[in-house]
Number of protein chains: 2
Amino acid sequence: MADARKGAASPTAEELDPCDVVRSILGRVGDKWSAVVMDELAAGPRRFNELRRLVSPITQRVLTSTLRALEGDGLVTRTVHPTIPPQVEYALTDSGRALHAIIKNVAAWTDAYLGTVHAARSARKDSAG
Amino acid sequence: MADARKGAASPTAEELDPCDVVRSILGRVGDKWSAVVMDELAAGPRRFNELRRLVSPITQRVLTSTLRALEGDGLVTRTVHPTIPPQVEYALTDSGRALHAIIKNVAAWTDAYLGTVHAARSARKDSAG
DNA sequence: CTGGATCCATGTTGATACTG
DNA sequence: CAGTATCAACATGGATCCAG
């Protein structure tokens, strides 16, 4: 990870470099909704509109693209039940669960350093204003 | 973290809700350069242009704002030595080091699931193209 | 119910030039 | 050396309407 900037070395794959993958994963969980979606999914499989209600004021367009991105990285599975009306279930994969555990570590970190962060942000405002 | 959408409850602080802080931290480490900057800083304090060379094709404008953001969250310290020419040293704080450790966990996750991720991405391309 | 398509507001990143 | 200022390009997220 210490050398993410050297770019792609080989043209046969888009991301052979694990560093790039690390960055893309960080970017994924760092986006606005992925983490909370995964957190809801961690409690069990959910259907589309169920998730939509659960993760708040997310729009369906964004929920769709978030889910697609998660699915595209193998973090989430999408199962279509050919019923009327259609029913689609999303669930975390093993890798998704493992990544979710790491996200929980960030939550724990935040819990531990909440005071530090707030102090730093207050100091920032202090010196700025 | 399961209820990040309920918004701010009190007006006296911008982020009393730990969930919001978790999201902001995820957003910070999920941005394009913060993680690699922290990774370089993990090896020891660095000066501005030193970092600039180290983290590759980052522009100084972006390096500056990245560092400012990190400093604003108390993850990094900025020490100015009033010499000629000016010398500024950046270093990880305790919280920064702890967060960096978590980032390393993501790197470990990537190492463990690299095959899964690539398979998922290939399948994605496969069905898309 | 699930989700595609379009249009739009905004934030983030990057290139470049200039300053103490 | 270590930034700041400005402008342009691009990505992200959101609102709304439409369809299987």
Side-chain angles (χ1 to χ4, degrees), chain A residues 4-5 7 14 20 23-37 40-41 45-73 76-91 124 127-128, chain B residues 4-5 7 14 20 23-37 40-41 45-73 76-91 124 127-128:
Chain A
R5 62 276 179 200
E14 296 170 24
D20 288 343
R23 292 228 306 204
S24 68
I25 294 300
L26 281 172
R28 177 107 11 268
V29 305
D31 76 4
K32 195 168 181 179
W33 299 106
S34 291
V36 46
V37 166
E40 294 295 346
L41 252 23
R46 298 274 182 250
R47 290 176 51 195
F48 188 84
N49 277 319
E50 202 174 354
L51 271 177
R52 195 181 171 190
R53 282 188 299 273
L54 252 26
V55 312
S56 91
I58 193 174
T59 62
Q60 52 74 334
R61 179 200 183 286
V62 174
L63 179 55
T64 299
S65 64
T66 298
L67 253 9
R68 289 273 189 273
L70 256 18
E71 188 195 1
D73 279 349
V76 158
T77 57
R78 176 175 179 271
T79 309
V80 181
H81 300 285
T83 58
I84 305 287
Q87 196 166 325
V88 182
E89 214 172 58
Y90 294 90
R124 186 172 166 70
S127 69
Chain B
R5 63 275 180 198
E14 295 168 24
D20 288 341
R23 293 229 304 205
S24 68
I25 294 299
L26 281 173
R28 175 101 23 262
V29 306
D31 76 5
K32 196 168 182 182
W33 299 107
S34 292
V36 46
V37 166
E40 294 295 347
L41 252 23
R46 299 275 181 251
R47 290 173 53 191
F48 188 84
N49 278 318
E50 203 174 354
L51 271 177
R52 195 183 170 187
R53 282 187 299 272
L54 253 26
V55 314
S56 90
I58 192 175
T59 60
Q60 39 71 327
R61 179 201 185 289
V62 174
L63 179 55
T64 299
S65 65
T66 298
L67 253 9
R68 289 273 190 274
L70 256 18
E71 187 195 1
D73 278 351
V76 158
T77 58
R78 176 175 180 272
T79 309
V80 181
H81 300 286
T83 58
I84 307 284
Q87 196 167 324
V88 181
E89 214 172 56
Y90 293 90
R124 185 173 167 72
S127 68

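Letters A, B, ... are given to chains in the order of the sequence lines, protein chains preceding strands, and every chain is numbered from 1.
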List the protein contact pattern of nucleotides 1-15 of chain D with one symbol per nucleotide (5' to 3'): B for base contact, S for sugar-phosphate-only contact, - for none; contact means a heavy-atom distance under 4.0 Å.
BSBB-B------BBB
Could you walk me through whether A:R78 and A:E89 pass the side-chain contact (heavy atoms from CB on, under 4.5 Å) test, one step at a time?
CA-CA 6 Å; A:R78 176 175 179 271; A:E89 214 172 58; over 6 Å; no
Assess the residue pair A:R28 and A:D73 against the criterion (side-chain contact (heavy atoms from CB on, under 4.5 Å)); give the C-alpha distance rounded to whole Å, side-chain angles, the decisive distance to 0.1 Å, and a yes or no.
CA-CA 9 Å; A:R28 177 107 11 268; A:D73 279 349; 3.1 Å; yes
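Put simply, the side chain of A:H81 does not reach to within 4.5 Å of the side chain of A:V88, judged on heavy atoms. Within the 4.5 Å cutoff, side-chain heavy atoms of B:K32 are placed close to those of A:R23.
Partner of A:W33 under the side-chain contact (heavy atoms from CB on, under 4.5 Å) criterion, out of A:L67, A:L51, A:T66, A:L63: A:T66 alone.
In the helix from C:dC1-D:dG20 to C:dG20-D:dC1, the rotation axis of the first five pairs and that of the last five pairs differ in direction by 40°, rounded to 10 degrees.
Look at CZ on B:R52: it is 10 Å from P on C:dA15, rounded to the nearest Å. The interatomic distance linking A:L54 (CG) with C:dT2 (P) rounds to 13 Å, in whole Å.
Shown here are the side-chain hydrogen bond (donor to acceptor under 3.5 Å, both in side chains) partners of A:R47, two or more places apart in sequence or in another chain: there are none.
Shortest non-hydrogen contact noted between B:S34 and B:L70 is OG-CD1, 3.9 Å. Here the closest non-hydrogen pair linking A:R68 and A:Y90 is NH1-OH, 3.9 Å.
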